[in-house]
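Step one of this worksheet: look at the structure below.
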Amino acid sequence: MLRITARLLALVVGIGLVSPCLHAQQKPASAGHQWWQNAVFYEIYPRSFADSNGDGIGDLNGIASKLDYLQALGVDAIWIAPCFPSPQVDFGYDVSDYENIDKMYGTLADFDRLEKLGKEHGIKIILDFVVNHTSDQHPWFINSASSSTARKRDWYIWRAGKAANQPPNNWISAFGGSAWQWDAKTNQYYYHFFYPQQPDLNWRNPAVKDAMFGVASWWYKRGVAGFRLDAVDTLFEDPALRDNATLPGKNKQGDPNMKNENNTKLPEVHQVLQGLRQVSDKYDAVLIGETWTADVNELKQYYGEHGNELQMPMDLMFTELKFSAPVFRQHIAGIDASGRWPVYVIGNHDIVRSWNRYGDGKHNDEIAKDMAALYLTLRGTPIMYYGEEIGMQNNDPVRKEDVKDPIGRTGWPTEIGRDGERTPMQWNDTANAGFTTGIPWLPIPVTYKTYNVADELKDPNSILNWYKGLLALRHQDQALLEGEYIALNQDDPNVLSYLRRYKDEAALVVINMSASPQKVNFDLSKQGFGSGVVKTLLTTQPSLKNASSVKQLSLEPFAVYIGEVTK
Ligand code: GLC
Ligand code: CA
């Protein structure tokens with residue numbers, strides 16, 4: 001299953017550092033997988049990754065300067081959150097020009113350079129396509145709002161109120177207040193699922209569709225390898241604008257809870273996704289979806305009935321699970337049974353960092369390693385979030401006046417906003433964590449003194465070296481890349497165990513998700529690996545480095561063991 005090399009042997013924890021470029025040089029032949037199935041994706045929030053010009057805000061040249069790091073880490077594709085011209089009301093998710101780069105991030109020439117350098121590093125570029133809405137400063141909206149007979153009036157959703165001072169219906173914006181903004185100039189309301197500065201496009205208008213599909217082609221021709229599609233759920237609204245049912249209680253913005261039945265997840269979304277897929281297929285590109293779903297069935301729909309929609313709708317339910325072996329076992333079984341290619345995510349720029357979210361307050365570093373082992377060895381494609389590989393933690397504002405994210409100001413103190421999970425990447429223990437020579441746009445937590453790239457690279461037991469080991473292993477091991485998922489010891493309340501089996505090869509993954517020592521036994525004869533013989537590939541537990549049998553393994557609290565089993 002593995003090409004055993006000196007480098008690979010060095011992966012076993014305790015021996016230490018993994019050589020860079022390993023994955024880029026040697027990839028096992030694939031069993032018909034597409035490039036994105038064997039790839040590891042990494043989300044970059046461009047404001048916060050690396051600042052090259054000292055203005056306190058990250059930029060494209062900053063990203064370019066860190067490609068060596070990303071390659072050595074084992075990243076194959078970066079998804080850059082929106083870096084297009086924008087008034088930055090929602091930090092780039094309010095786009096005023098889809099075919100350019102915001103000055104604060106650089107220029108199109110910088111983008112082309114980044115892409116070229118990316119190619120040299122084996123790293124593809126994925127852009128963030130904000131499909132539901134534009135900025136209110138986009139020329140399309142400026143024209144649309146200029147008069148009720150404007151050429152682009154019907155590019156957005158304009159309606160008369162129900163009566164004087166009454167919006168067309170009861171829909172609530174996800175970011176607080178009515179989803180309708182009154183426009184005194186033309187005596188109508190326009191619709192915005194997010195901020196009023198983010199008017200929703202009217203996807204029922206074929207001209208909008210053509211323009212947006214044109215944007216996709218424009219970037220594909222420039223060499224991007226795909227898009228992460230923002231907020232796909234919200235593309236369509238009921239043309240009759242029927243009220244939503246209200247639910248008991250209030251949300252974090254103090255608005256009534258609501259069933260978004262008439263303005264999210266309308267079936268028409270799927271036609272757009274099919275259309276976007278036809279465009280992307282011409283370029284061997286991948287479509288990733290921001291797909292918040294209630295269950296596996298809902299998630300399944302985003303792949304398309306004939307696999308003709310998103311290749312990679314994110315399983316964001318994963319981020320909502322409690323850290324517990326039975327809970328994860330059950331969820332993974334459901335996803336696996338769907339027959340689709342899973343896309344696992346443990347964090348992003350909208351949710352509390354994984355270190356805090358899964359952590360128990362005492363063993364967060366160990367739990368971070370468990371979560372890494374889990375989602376990097378499951379069948380599917382992982383999408384990492386920058387900084388998670390060094391155990392970055394939320395740094396939440398404690399005073400309303402420090403909040404930058406608008407929802408944190410309108411919702412304070414119930415909703416404190418998303419600043420905490422968007423703080424600058426921690427490169428080293430010098431001032432500003434090596435992120436900028438200026439004043440960082442968000443404050444860096446004091447924990448950067450120990451949780452940073454430079455120091456963790458030197459520590460063989462760091463979270464960073466654990467990630468590097470896992471990623472290198474994942475790129476080399478045919479069973480981890482291609483193998484089926486087989487759950488083991490399904491009644492164990494503490495230890496999550498599974499096999500990844502590919503032809504005559506199999507990797508055994510064992511994760512003690514409890515704070516107490518555990519003993520586990522495996523009889524793998526039913527799965528065709530009855531010898532009981534194992535060779536350690538990677539473990540957090542030094543005493544297991546030389547384990548030779550899976551008949552019994554004694555695990556320390558939160559230990560991870562990954563071994564190659566034989567027939
Ligand atoms: C998505 C983005 C989020 C943004 C919202 C509106 O959920 O991830 O950051 O605020 O869309 O564009
Ligand atoms: Ca900058």
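What you are looking at is a predicted structure, and each value in this text was computed from that prediction instead of being measured. In each ligand, atom 1 is the first atom listed, and ligand 1 is the first ligand listed.
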Ligand 1-proximal atoms of E43, by part, heavy-atom distance under 4.0 Å: neither

Aromatic ring pairing F141/Y156, orientation class (parallel under 30°, perpendicular over 60°, tilted between): perpendicular

Interfacing atoms of ligand 1 (cut-off 4.0 Å, heavy-atom, F175): 10 (O)

Backbone of G56 reached by a side-chain donor or acceptor of D51 within 3.5 Å: yes

Element-labelled atoms of ligand 1 that are located less than 4.0 Å from some non-hydrogen atom of F194: 5 (C), 6 (C)

Nearest protein heavy atom with distance in Å, relative to atom 9 (O) of ligand 1: D350 OD1, 2.7 Å

Within the 6.0 Å centroid threshold, strictly below: Y98 and H138: yes

Within 45° cone of W292 ring axis and under 6.0 Å: K265 NZ or CZ: no

Which N, O or S atom of D51 lies nearest to the Ca ion (ligand 2), by name: OD1

For R418, the ligand 1 atoms whose distance to one of its heavy atoms is below 4.0 Å: 3 (C), 4 (C), 9 (O), 10 (O)

Y45, portion touching ligand 1 at heavy-atom distance under 4.0 Å: neither

Subset of ligand 1 atoms that lie under 4.0 Å from at least one heavy atom of E290: 1 (C), 7 (O), 8 (O)

Close-contact set for ligand 1 against R422 heavy atoms, below 4.0 Å: 9 (O)

At the Ca ion (ligand 2): angle between N53 atom OD1 and D59 atom OD2, to 10 degrees: 90°

